[in-house]
Q: 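Before we start, here is the structure in question, set down as structure tokens.
Just so we're on the same page: letters track the sequence lines, and every chain starts at 1. None of the values given here were measured: they were computed from a predicted structure. Note that these values count all heavy atoms, side chains included, but never hydrogens, waters or copies made by symmetry.
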Amino acid sequence: MSQTKQTEEKWLRYWEAAHLFEADPDPERKKLLVTFPYPYMNGPLHVGHAFTATRVDVYARFKRMQGYNVLWPWSWHWTGQPLLAASNRVKKGDEIYIRLLREVDGVPEAELKKFADPLYMAQYYTNEGRAAARAIGFSIDWRREFTTVMPTYQKFIEWQYTNLREQGYVSKGTHPVVWCPKDKSPTGDHDRQIGEGVTPEEYILIKYQLDERTFLPAATFRPETIYGVTNMWINPDATYVEAAVDQENWIISQEAAEKLREQEKKVEIKRALKGRELIGKTFTNPITKAKFPILPGWFVDPKQATGVVYSVPAHAPYDWLALKDLQGKPDISAEFGIDPKIVQQITPVSLITLEGYGRFPAVEIVQQMGVKDQHDPKAEEATKELYKKEFHGGILNESCGPYSGKTVRDIKDVLIRDFKSAGVADSMYDLPQSVVCRCMTPCVVKVLSDQWFLNYSNDEWKAKAKEAVAGMKVFPQTASSWFIAVIDWLKEWACARTTGFGTPLPWGKGWIIETLSDSTVYMAFYTINKHIRQHGIKPEALTREVFDYIFLGKGDPPAISENAGLHLDKLNGMREEFLYWYPFDLRVSAKELVPNHLTFCIFHHVALFPRNLWPRAIGVNGMLLIEGKQMHKSKGNFITMKGAVERYGADATRCALLLGAEEMDDPDWRSDNALDLKSKLESWRKFAHDICSSAKNEKVGHLEKWLLSRLQKRITTVSESLEELKTRTALQVAFFETWNDFRWYIQRNGKADAVALREASQIWIRLLAPFAPFTCEELWNSIGAKGFVSLAKWPKTEEQMIDLAAEENEALLTDLIDDTLNVVRATKITPRHIFYYTAASWKHRVYKIVLDKAKAGEILMGEIMKTVSADPELKPHMKDAAALIPRLIKTLNKIPQERKRSIIRTEGINENRVFTEALSFLRERFNSEITVFSEEDKEKFDPKKRAQLAIPAQPAIYIE
RNA sequence: GCGGGGGUCGCCGAGCCAGGUCAAAGGCGUAGGCUUCAGGAGCCUAUCCCGCAGGGGUUCGUGGGUUCGAAUCCCACCCCCCGCACCA
């Protein structure tokens with residue numbers, strides 16, 4: 001076992017022996033409940049989980065050190081389909097999949113065999129996951145752990161849904177889904193062989209009349225074009241059927257008849273016919289009652305919607321092309337028994353006015369784009385383009401009856417509603433592209449009836465959800481508008497399924513609560529699961545009344561206790577513990593959960609709980625990339641949490657993840673970085689340890705004061721950043737920037753034996769403890785500090801330690817070095833002797849005047865001159881002062897406001913002394929002799945007359 | 001298409017909301033030096049261009065605009081990433 005591993009194991013044991021992270025209610029301390037969405041257990045935890053969870057852990061550890069009673073619980077999601085699917089693949093001996101389990105997940109051969117049992121598989125990954133979460137050092141209270149198939153948990157979900165339904169948030173309805181006829185279940189993206197991302201589209205069917213009792217339902221996305229119809233297109237070679245559809249007589253393609261059967265339509269096929277049988281007949285526009293011919297159109301696809309298409313050549317490029325084509329070939333019309341004259345006479349009918357186009361945009365666009373005929377691929381492009389333009393900018397013209405003058409965009413939905421209620425339109429769903437199930441069966445659209453929905457369309461519910469967002473903190477703030485957008489956008493969500501693991505719907509036989517819908521308020525369950533486990537409370541005792549009392553305070557406890565057979569003390573204990581911890585104070589996840597889980601979580605909280613128990617804060621972060629690419633198990637770039645911790649150690653893994661990104665940016669995991677961090681942490685440990693063990697020098701000079709002063713600023717930045725979950729900034733400052741302060745100190749001082757340094761290190765170690773807990777515990781212990789650093793007091797900014805003079809002193813020096821280096825660079829001299837000349841005292845006097853004016857606001861030359869000339873001591877320098885002042889103003893303008901303030905407050909710093917005291921440091925720094933003069937020194941060596949250039953805070957320089 | 005987030009000096013990334021402090025933090029990489037038996041680690045220095053004196057020039061996706069002044073504000077455009085549902 002490696003050194004790192006041993007150290008980590010040691011501290012894990014100590015923490016556990018001390019029950020360090022087990023949190024119980026303590027009225028004396030402020031509580032903090034932080035949560036991480038429980039991971040789904042069809043695979044191992046990976047570094048993506050680790051990234052988000054480390055952010056939670058860092059926050060938890062930070063707050064714990066600040067004295068909060070912090071509870072961080074963890075659990076496992078087993079509900080849903082994928083676990084079954086995964087297990088099935090093992091059972092079926094799917095070689096590719098099994099290899100991934102073996103090689104990526106590292107599942108031993110003996111275990112692999114048992115994966116035919118999905119519950120065993122879940123248990124295996126849960127055990128692995130728990131070990132990984134422990135090993136990386138998450139400060140979790142494991143006493144509250146559960147899985148989502150436990151009966152006690154399921155009682156909780158039952159309670160949740162019973163209440164949701166009673167309040168009217170659950171309803172029954174129908175919904176179109178992509179459906180596999182063989183599996184008899186919806187085919188989600190993950191279950192598809194072909195057709196990822198394809199969703200059902202709703203076509204409007206215009207019921208044109210063929211005769212008194214027969215309809216030709218033509219499918220369209222643009223029902224408004226009914227006012228421009230000129231003819232119908234039927235594919236003469238395709239097979240159509242005449243069928244009774246919901247007691248009406250329809251002619252549609254054979255395929256369409258099958259599809260409609262899955263869409264809540266009763267379909268009885270009477271007879272089949274070839275399309276050519278219809279060609280040459282006429283049909284009636286149900287709105288205008290005008291009659292038009294049916295013409296042959298080979299481009300009509302019987303597999304698409306109804307296989308019946310009406311023609312609008314003024315606005316549809318395909319229709320125009322097909323018409324032109326047919327007009328050019330009179331023999332074809334004749335062949336179908338159509339008088340070619342009738343075809344010749346067809347002219348486009350305009351119905352939409354579109355800026356930039358004449359009356360027949362389709363004709364124009366075909367010309368512009370040079371589309372040859374209906375088989376030209378550009379026809380598709382032209383169609384899309386025109387459709388878009390007419391939808392966004394088109395206005396219905398005078399031919400459109402009651403809809404004239406309206407924009408297409410505004411009127412479309414109204415028009416559809418009107419047509420449907422007038423009985424001239426219907427609708428059907430179809431897939432824009434083919435979808436094939438993993439089982440190789442082509443999918444269709446099925447309209448599910450008796451489907452249970454969460455009513456996210458409910459406006460009152462939406463309003464409350466928005467109120468919750470407004471009332472909580474969202475990290476980063478920009479995510480807040482996203483939540484609002486999602487709340488607006490969400491509509492009915494099917495919350496039950498017929499397959500997979502999950503809690504049975506309390507009132508619906510055969511239905512199981514869908515997995516995203518059973519994971520919305522379970523954070524409340526953590527608060528009581530400790531009791532359930534410790535007291536062995538049986539699921540039967542967890543009745544609705546029991547939960548109503550625990551979570552809502554409803555009912556009479558003795559009676560409830562009696563009825564449920566649950567001891568009153570236990571019941572009250574759970575109520576108290578819930579009230580102590582709830583609501584949760586922070587939930588963090590990757591941004592992919594914003595449009596679903598996190599928003600559901602908000603919805604369900606506002607539905608079930610009173611306002612004071614609504615979420616307090618939600619944090620969102622990016623999705624982890626591996627070496628710049630998306631993490632994919634099947635593509636080989638997949639790193640498990642366990643693997644990372646084994647290779648780089650827990651602390652390096654945590655730090656490498658946190659330094660990747662913050663806010664919603666996607667962090668990038670680079671193994672080089674993790675490796676580098678590992679050695680950096682180790683050398684930091686040595687560095688800090690050496691400082692602490694060599695501390696003996698009691699002197700507290702200005703350098704010690706400087707370091708402690710800088711440290712105060714670091715404490716402030718780290719604390720403030722963590723408060724806003726800016727974990728990257730916090731770690732960067734706590735680790736690298738603080739380290740740079742120490743480096744400067746050592747450079748300046750030459751040695752690191754001051755007692756003050758040990759004090760500083762102790763602050764530093766605590767600042768880093770949330771990020772690198774193992775290294776910090778080890779250090780804390782090795783320097784002889786008492787107790788666990790995990791429980792040590794978080795450093796507080798001590799105002800009295802801030803020493804502006806010390807900081808200004810060092811700033812003068814760094815400025816001097818920068819200037820000197822600049823000169824060296826420009827002149828390419830290798831300095832042998834550097835001479836500095838600090839400004840004459842009268843210049844400092846002027847400087848102060850200018851500074852005072854600068855503080856007051858605008859710097860006015862005239863006013864400054866007035867003040868200067870009023871000063872008797874400056875009388876002899878009036879002429880020089882006039883030249884000096886503009887220079888001073890220019891220099892001061894370059895200085896940050898904050899620095900200006902500190903210069904003013906530390907006025908009277910003796911530059912000569914500062915530089916003289918740093919003489920040996922400067923000598924070493926430039927490997928050159930250094931001499932410091934004052935401009936006023938009579939004896940100074942100044943061959944190039946540089947001294948007179950000196951101004952305060954910027955000595956003149958001469959190098960030879 | 002709709003919604004959300006972005007494009008910064010080799011890379012990763014701060015800065016942008018509250019304009020001047022910005023040639024622009026920090027880390028990585030690279031180069032040189034110190035240390036070391038050597039390697040690694042550590043430490044120091046440099047890292048947009050020009051400059052024999054602390055200065056100048058050109059930069060923050062592109063093009064305009066506001067302003068004494070723009071990486072930051074406004075407008076238009078281009079490009080990238082994520083989500084769009086019954087699925088975790």
Side-chain angles (χ1 to χ4, degrees), chain A residues 37 39-40 42 77 79-83 175-178 186-191 197 199 384 387-388 391-392 448 451 453-454 456 476-479 481-486 488-497 500 514-517 519 590-597 620 622-623 625 628 630 659-668 670 672-673 676-677 679-680 682-683 686-687 726 728-729 731-733 735-737 739-740 743 746-747 815-816 818-829 893-900 924-925 944 946 949 954-959:
Chain A
Y40 189 72
N42 63 339
H77 205 189
T79 314
Q81 220 32 300
L83 199 46
H175 188 74
V177 294
V178 179
T187 312
D189 262 357
H190 299 291
D191 302 326
T199 54
K384 277 195 180 138
Y387 179 90
K388 200 159 66 182
F391 179 75
H392 288 102
L448 293 177
Q451 175 66 251
F453 290 96
L454 284 163
Y456 293 134
Q477 245 296 280
T478 43
S481 56
W482 193 4
F483 277 111
I484 299 296
V486 171
D488 275 328
W489 164 84
L490 269 176
K491 44 189 192 205
E492 280 75 15
W493 180 272
C495 63
R497 288 192 65 119
E514 177 271 332
T515 117
L516 283 179
S517 305
S519 54
K591 61 188 175 190
E592 57 173 353
L593 296 190
V594 171
N596 44 67
H597 167 71
V620 180
M623 314 242 301
L625 305 171
Q630 262 187 9
L659 287 171
E662 62 193 12
E663 313 232 290
M664 282 200 278
D665 295 333
D666 297 333
D668 188 7
R670 311 237 162 171
D672 286 354
N673 284 357
D676 189 64
L677 250 327
S679 65
K680 274 209 164 52
E682 182 49 26
S683 58
K686 286 206 192 94
F687 180 77
K726 288 191 171 185
R728 183 193 144 97
T729 302
L731 175 53
Q732 183 175 295
V733 172
F735 196 38
F736 296 115
E737 300 200 7
W739 203 339
N740 284 344
R743 284 193 181 112
I746 290 169
Q747 251 191 82
D815 285 355
L816 183 74
D818 285 348
D819 277 354
T820 310
L821 282 173
N822 198 4
V823 175
V824 169
R825 200 169 26 239
T827 56
K828 300 192 172 67
I829 296 174
N893 272 339
K894 279 200 207 160
I895 292 178
Q897 216 46 252
E898 201 188 331
R899 172 95 190 271
K900 254 184 250 176
E924 210 168 299
R925 175 67 183 69
K944 286 266 167 85
R946 299 273 181 216
L949 294 172
Q954 200 181 90
I957 302 168
Y958 172 66
I959 301 175

Q: Considering only nitrogen or oxygen atoms on both sides, find all protein atoms under 3.5 Å from nucleotides 27-32 of chain B and state each distance.
A:
| from | atom 1 | to | atom 2 | distance (Å) |
| --- | --- | --- | --- | --- |
| B:C28 | OP1 | A:Lys680 | NZ | 2.0 |

Q: Between atom NE2 in A:His175 and atom C1' in B:A85, what is the gap in whole Å?
A: 7 Å
Q: Counting only side-chain heavy atoms from C-beta out, which of B:G15, B:G83, B:G54 sits nearest to A:Pro595?
A: B:G83
Q: Say we look at B:A18 and B:G26: how far apart would their P atoms be, to the nearest angstrom?
A: 27 Å
Q: Would you say the side chain of A:Asn822 and the base of B:G54 hold a donor-acceptor pair, judged only by whether the two atoms sit under 3.5 Å apart?
A: no
Q: Rounding to the closest angstrom, what is the interatomic distance between B:G29 and B:A41 at atom P?
A: 8 Å
Q: What's the closest nucleotide to the A:Glu737 side chain, out of B:G26, B:C86, B:A53?
A: B:G26
Q: Could you tell me the separation between the CZ atom of A:Arg728 and the C1' atom of B:G15, rounded to a whole number of Å?
A: 12 Å
Q: Under 4.0 Å between any heavy atoms, over every strand shown, what does A:Leu490 touch: base, sugar-phosphate, or nothing? Just pick one.
A: base
Q: Which whole number of Å gives the distance between the C1' atom of B:C73 and that of B:C81?
A: 26 Å
Q: Nearest whole Å is fine: how far is B:C84 P from A:Leu593 CG?
A: 11 Å
Q: To the nearest Å, give me how far apart CH2 (A:Trp739) and P (B:C44) are.
A: 10 Å
Q: Among all residues two or more places apart in sequence or in another chain, which pass the ring pair (Phe, Tyr, Trp, His ring centres under 6.0 Å) test with A:Trp482?
A: none
Q: Strictly below 4.0 Å: does A:Thr515 bring a side-chain N or O up to OP1 or OP2 of B:A88?
A: yes
Q: Taking only the side-chain heavy atoms of A:Ile959 (C-beta and beyond), determine which of B:G5, B:A53, B:G3 contains the nearest atom.
A: B:A53
Q: Please classify the nucleic acid contact of A:Thr199 as base, sugar-phosphate, or nothing, using heavy-atom distances under 4.0 Å.
A: sugar-phosphate
Q: Figure out the CG/C1' separation between A:Asp488 and B:C84, and round it to whole Å.
A: 15 Å
Q: Looking at A:Gln747, does any N or O in its side chain come under 4.0 Å of the phosphate oxygens OP1/OP2 on B:C44?
A: yes
Q: Nearest whole angstrom, please: distance from the C1' of B:C84 to the CH2 of A:Trp489.
A: 5 Å
Q: Under the ring pair (Phe, Tyr, Trp, His ring centres under 6.0 Å) rule, collect the residues that match up with A:Phe391, sequence neighbours excluded.
A: none
Q: When you measure only distances, ignoring hydrogens and angles, does the side chain of A:Asn596 come within 3.5 Å of the base of B:A88 through a donor and an acceptor?
A: yes
Q: Over all strands shown, is A:Phe391 touching base, sugar-phosphate only, or nothing at heavy-atom distances under 4.0 angstrom?
A: nothing
Q: Is A:Gln630 touching bases, backbone alone, or none of the nucleic acid, heavy atoms closer than 4.0 Å?
A: sugar-phosphate
Q: Under the side chain to side chain donor-acceptor pair (under 3.5 Å) test, which residues partner A:Asp676, sequence neighbours left out?
A: A:Lys680
Q: Of all the choices, B:A53, B:C86, B:A88, which nucleotide is nearest to the side chain of A:Leu516 once you look at every atom?
A: B:A88
Q: Do the non-hydrogen side-chain atoms of A:Val823 and A:Asp819 ever get within less than 4.5 Å of each other?
A: no
Q: How would you list, by chain and number, every residue that makes a side chain to side chain donor-acceptor pair (under 3.5 Å) with A:Asp666, sequence neighbours excluded?
A: A:Lys591
Q: Provide the distance between the two C1' atoms, one in B:C43 and one in B:U8, to the nearest whole Å.
A: 31 Å
Q: Could you tell me how far apart A:Lys686 (NZ) and B:A41 (P) are, to the nearest whole angstrom?
A: 12 Å
Q: Please report, rounded to the nearest Å, how far the P atom of B:G54 is from the NZ atom of A:Lys944.
A: 13 Å
Q: Under 4.0 Å between any heavy atoms, over every strand shown, what does A:Arg946 touch: base, sugar-phosphate, or nothing? Just pick one.
A: base
Q: Could you tell me whether A:Gln954 contacts a base, only the sugar-phosphate backbone, or nothing, with contacts defined as non-hydrogen atoms closer than 4.0 Å?
A: base
Q: At under 4.0 Å between heavy atoms, what does A:Asp666 touch on the DNA or RNA strands: base, sugar-phosphate, or nothing?
A: sugar-phosphate
Q: Got a sec, which residues hit ring pair (Phe, Tyr, Trp, His ring centres under 6.0 Å) with A:Tyr40, two or more places apart in sequence or on another chain?
A: A:His77
Q: Between B:A24 and B:C60, how far apart are the P atoms? Round to whole Å, please.
A: 15 Å
